[in-house]
**Q** 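Sharing a structure, written as structure tokens. Questions coming.
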Protein chains: 2
Amino acid sequence: MFAVDNLFLQINSTTMKQKATLKNLSKTLNISISTVSRALKNHPDISDETKKKVKELAALMDYEPNTYAINLRTNKSNILGVIVPEISNFFYHSFIAAIEEEARRLNYMLLILQSANNAETELENLKLCRMNRVAGVFVALTSHTKEIKPFLQLEETGTPIIFCDKVPDFEACNKICSADAEATIISANAILKSNKRKVLAVLGNIDLSITKKREQVFKETLENSNEQINLEITHANSSEEATHKTLQYLSNNMQRPEVIFCMSDEILTGVMKAIYQTELKVPKDISVIAISNGFLPTLFSPEITHVVTSGIDLGKLAFKRMMDYQSGKTFAQELTIRARFVEGGSL
Amino acid sequence: MFAVDNLFLQINSTTMKQKATLKNLSKTLNISISTVSRALKNHPDISDETKKKVKELAALMDYEPNTYAINLRTNKSNILGVIVPEISNFFYHSFIAAIEEEARRLNYMLLILQSANNAETELENLKLCRMNRVAGVFVALTSHTKEIKPFLQLEETGTPIIFCDKVPDFEACNKICSADAEATIISANAILKSNKRKVLAVLGNIDLSITKKREQVFKETLENSNEQINLEITHANSSEEATHKTLQYLSNNMQRPEVIFCMSDEILTGVMKAIYQTELKVPKDISVIAISNGFLPTLFSPEITHVVTSGIDLGKLAFKRMMDYQSGKTFAQELTIRARFVEGGSL
DNA sequence: TTATCCACAGCAAACATTTGCGAAAACAAT
DNA sequence: ATTGTTTTCGCAAATGTTTGCTGTGGATAA
């Protein structure tokens with residue numbers, strides 16, 4: 001055992017330059033590697049005296065465990081994969097932010113990958129996750145993904161897969177979705193309650209299952225009411241297209257809708273541009289309601305009445321499910337986050 | 001050497017269950033591990049015949065190299081750290097998306113960490129990067145970061161650090177910034193050219209260096225003109241505060257500004273809400289110009305005239321700098337991305 | 001024949017860590 | 001003195017890869 005100054009001297013002369021590894025620590029202390037390892041993690045086998053010595057030197061030498069060695073040895077990691085169609089998106093960036101926050105609290109890290117809405121890239125991303133032996137992966141599928149076997153295959157080898165937002169249709173797997181149907185029903189009911197009878201629904205890409213689902217539920221809810229509703233439906237693949245399509249409906253004064261339902265934030269931006277261009281006033285001349293992530297509708301004035309399906313809530317729930325999975329609850333489960341009605345002034 | 005069917009038989013019986021590692025490949029082929037390793041990477045020492053055999057089996061067994069082992073052995077990784085104050089932010093989410101795109105092309109992966117605008121968390125994030133032996137880190141500092149030594153220390157050990165957007169003031173380090181001064185000058189000049197003389201500048205947190213810089217340059221540019229400008233300046237720490245402050249200026253008809261300069265997207269949203277609430281018309285009653293990431297101003301009608309400092313461009317440039325660094329150009333360098341004027345209808 | 005060279009492949013160390021097992025010392029109980 | 005127990009620590013194998021060095025045949029040249 002060294003006196004402190006001796007220890008310091010020794011370190012300065014021989015050790016300071018070396019990388020701080022267990023081996024080097026053990027060498028300077030004349031102690032075995034395993035003892036150092038155990039001391040550092042407070043293993044009961046090790047005496048307090050030894051622990052103190054080891055920890056002091058470790059601090060002095062800025063020892064930081066080598067993640068790669070640990071992961072190699074233990075064959076797991078604290079890295080979670082996140083595969084999304086794109087980061088820079090109303091919904092996903094808050095989804096990712098939420099997961100990151102939770103992850104940090106529990107000492108996980110995130111490998112974030114965008115698929116550029118491309119099934120092939122998505123598969124590559126999955127491969128990267130596999131190669132990095134991630135502890136689990138969150139995935140929001142692209143709209144073109146047909147084949148989810150590779151995902152399920154990875155799950156079979158013990159890596160939890162949590163499908164989020166855009167999830168496969170039939171398979172028995174873990175899914176976290178926003179309450180699509182609920183959000184749509186709330187929107188439709190709000191319209192019914194407002195007594196507007198000429199309704200325009202602007203929906204997204206017609207090939208997406210989410211579009212189909214919302215369209216169907218929206219239609220049904222209106223039809224099942226006792227009201228005589230005049231419903232027009234149109235589809236747009238982009239914000240610009242939404243503007244264009246909406247303009248067509250607004251330009252004809254005879255059939256101008258009284259209220260517009262926007263399926264998503266992207267659609268909403270397009271629709272609002274169209275409304276601005278026609279100089280119609282919301283809600284005097286025309287009403288608007290949207291399903292949204294919550295932020296965008298607050299930018300307008302009056303704020304747009306909307307139904308929130310929050311990316312943040314989804315991220316949090318997904319992470320919770322992941323942790324449950326990690327602690328053994330591996331059975332397939334489908335969870336949804338509730339939709340919330342937010343009164344703006346636009347209806 | 002096996003005939004194909006023999007090979008397949010053997011694999012089915014003994015190998016299929018095993019993990020696909022070099023060792024297992026070598027065992028089933030009765031070949032040394034090193035030969036397998038070299039064959040897989042087309043080392044000239046290995047005969048074509050052997051290579052073929054190895055590659056076929058590797059494909060059959062879904063061999064995927066173990067990243068941890070590789071990283072441990074080579075003591076480096078293809079993971080880049082990205083530390084930002086927050087992901088869910090007008091600027092940073094596109095910044096991150098841009099880096100991710102570039103990274104993917106060059107086979108890097110991203111470890112994304114938010115500091116929650118908290119210097120301590122930022123330090124933890126840096127530590128995580130260190131522990132994971134990242135190949136480099138992009139960092140946008142929090143507004144509270146005083147101490148950048150830890151960053152520079154990491155750089156000394158060979159890990160490139162690229163400061164982005166929010167960068168340290170004086171140190172000799174690699175910085176990628178948007179052309180703040182230029183963007184501000186362009187804005188100021190646009191105002192001068194518009195012949196509006198009563199100007200309100202709504203700026204962000206007064207403690208941020210970016211705020212100080214923009215304020216100073218904005219003032220100077222207006223003062224250095226020959227015009228008689230009536231400039232009011234106010235500061236807001238949030239979108240809500242911007243609304244509040246702006247309303248104060250708008251409510252008094254006597255001193256109501258003719259044009260409002262918004263320093264950022266966040267400020268812009270606040271200002272626009274104030275304008276909506278007062279029912280003033282843009283640009284008839286009041287003009288608006290902003291410095292922005294480019295997306296938000298297009299949501300209004302008329303679109304807001306703005307000067308773009310693009311997160312995407314910044315991300316791309318930062319990544320390029322990182323690659324240059326990796327290939328030897330380690331000297332400190334400060335790069336800026338140009339600002340671009342975008343005509344809306346709001347001025 | 002002998003020396004030289006080449007193509008091909010294996011040996012073994014190294015990377016940093018974890019962990020089951022065993023062992024030595026100290027101490028207590030019989 | 002013998003046996004048993006506890007405390008404390010070290011040995012060595014194992015994780016999957018890379019890579020410098022070595023070795024073996026065979027071909028070519030002297």
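This one's a predicted model, so the numbers in the text were calculated from it and none came from an experiment. Chain naming here is simple, since letters A, B, ... match the order of the sequence lines and numbering starts at 1 in each.
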**Q** Between the side-chain atoms of A:Ser32 and the base atoms of D:dC11, is any donor-acceptor pair under 3.5 Å?
**A** no

**Q** Can you say whether a donor on the side chain of B:Thr50 sits under 3.5 Å from an acceptor on the base of C:dC8, or the other way round?
**A** no

**Q** In whole angstrom, give the distance that lies between atom CD of B:Glu64 and atom C1' of D:dT17.
**A** 15 Å

**Q** Listed by chain and number, what are the side-chain hydrogen bond (donor to acceptor under 3.5 Å, both in side chains) partners of B:Arg321, not counting sequence neighbours?
**A** B:Asn174, B:Gln333

**Q** Anything under 30° is parallel, anything over 60° is perpendicular, the rest tilted; go ahead and classify B:Phe319 against B:Tyr108.
**A**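 Judged by the thresholds at 30° and 60°, the geometry between B:Phe319 and B:Tyr108 is perpendicular.
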
**Q** How long is the line joining CG of B:Asn24 and C1' of D:dA14, in whole Å?
**A**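 B:Asn24 atom CG is separated from D:dA14 atom C1' by 14 Å.
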
**Q** Rounded to whole angstroms, how far apart are CD1 on B:Ile46 and P on D:dT24?
**A**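 Checked: the CD1 to P distance equals 18 Å.
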
**Q** Donor-acceptor pairs under 3.5 Å, side chain of residues 75-85 of chain B to any protein atom, not counting sequence neighbours: which ones?
**A**
unit_1	atom_1	unit_2	atom_2	d
B:Ser77	OG	A:Tyr68	OH	3.1
B:Ser77	OG	B:Ile79	N	3.2
B:Ser77	OG	B:Arg133	O	3.2

**Q** Before accepting this row, confirm whether a basic side-chain N of the pair A:Glu101/A:Arg105 lies closer than 4.0 Å to the acidic partner's carboxylate O.
**A**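 No, this pair does not count.
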
**Q** Using side-chain hydrogen bond (donor to acceptor under 3.5 Å, both in side chains) as the criterion, list what pairs up with A:Asp169, not counting sequence neighbours.
**A** none

**Q** Identify whether any heavy atom of A:Asp45 sits under 4.0 Å from a base atom; if not, whether one sits that close to sugar-phosphate; answer base, sugar-phosphate or nothing.
**A**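 Base: the residue A:Asp45, judged by heavy atoms under 4.0 Å, touches a nucleobase.
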
**Q** How is B:Ile31 classified with respect to the nucleic acid when contacts are heavy atoms under 4.0 Å: base, sugar-phosphate, or nothing?
**A**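 Sugar-phosphate contact only - B:Ile31 comes under 4.0 Å of backbone atoms but never of a base.
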
**Q** Roughly how many Å is it from CG in B:Asn75 to P in D:dT17, rounded to a whole number?
**A** 18 Å

**Q** side-chain contact (heavy atoms from CB on, under 4.5 Å) for B:Lys166 and B:Ser143? Distances and angles first, verdict last.
**A** CA-CA 8 Å; B:Lys166 300 281 171 45; B:Ser143 40; over 6 Å; no

**Q** Please report the distance, rounded to the nearest Å, between CG in B:Leu29 and C1' in C:dA9.
**A**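 Taking CG of B:Leu29 and C1' of C:dA9, I get 14 Å after rounding.
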
**Q** Nearest whole Å is fine: how far is D:dT17 P from A:Asn66 CG?
**A**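 In whole Å, D:dT17 P lies 17 Å from A:Asn66 CG.
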
**Q** Which part of the nucleic acid does B:Thr21 contact within heavy-atom distance under 4.0 Å: base, sugar-phosphate only, or nothing?
**A** sugar-phosphate

**Q** Can you sort out which residues in residues 35-44 of chain A have a heavy atom within less than 4.0 Å of DNA chain D? Ascending by number, please.
**A**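 Residues of residues 35-44 of chain A under 4.0 Å from DNA chain D: A:Thr35, A:Arg38.
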
**Q** May I ask you to evaluate whether A:Tyr63 reaches the phosphate of C:dT17, defined as a side-chain N or O under 4.0 Å from OP1 or OP2?
**A** yes

**Q** Does A:Ile33 have any side chain to side chain contact (heavy atoms under 4.5 Å, CB included) partners at least two apart in sequence or in another chain, and if so, which?
**A** A:Leu22, A:Lys23, A:Ser26

**Q** So, does A:Lys76 get its side chain near the phosphate of D:dT15, meaning an N or O under 4.0 Å from OP1 or OP2?
**A** no

**Q** Restricting to ring-ring contact (aromatic ring centres under 6.0 Å, His included), what partner residues turn up for A:Phe151, sequence neighbours left out?
**A**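 Partners of A:Phe151 under the ring-ring contact (aromatic ring centres under 6.0 Å, His included) test: A:Phe163.
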
**Q** Using a 4.0 Å heavy-atom cut-off, does A:Leu72 contact any base of the nucleic acid, only the sugar-phosphate backbone, or nothing at all?
**A** base

**Q** Examine D:dC9: is either OP1 or OP2 under 4.0 Å from a nitrogen or oxygen in the side chain of A:Ser47? Give yes or no.
**A** yes

**Q** Please give, in whole Å, the distance from C:dC8 C1' to B:Lys53 NZ?
**A**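 So the two atoms are 12 Å apart, to the nearest Å.
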
**Q** Rounded to whole Å, how long is the line connecting atom CD1 of B:Ile70 with atom P of D:dT15?
**A** 17 Å

**Q** Between A:Lys23 and C:dT17, is there a side-chain N or O to OP1/OP2 distance below 4.0 Å?
**A**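 A:Lys23 to C:dT17 OP1/OP2: no side-chain N or O under 4.0 Å.
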
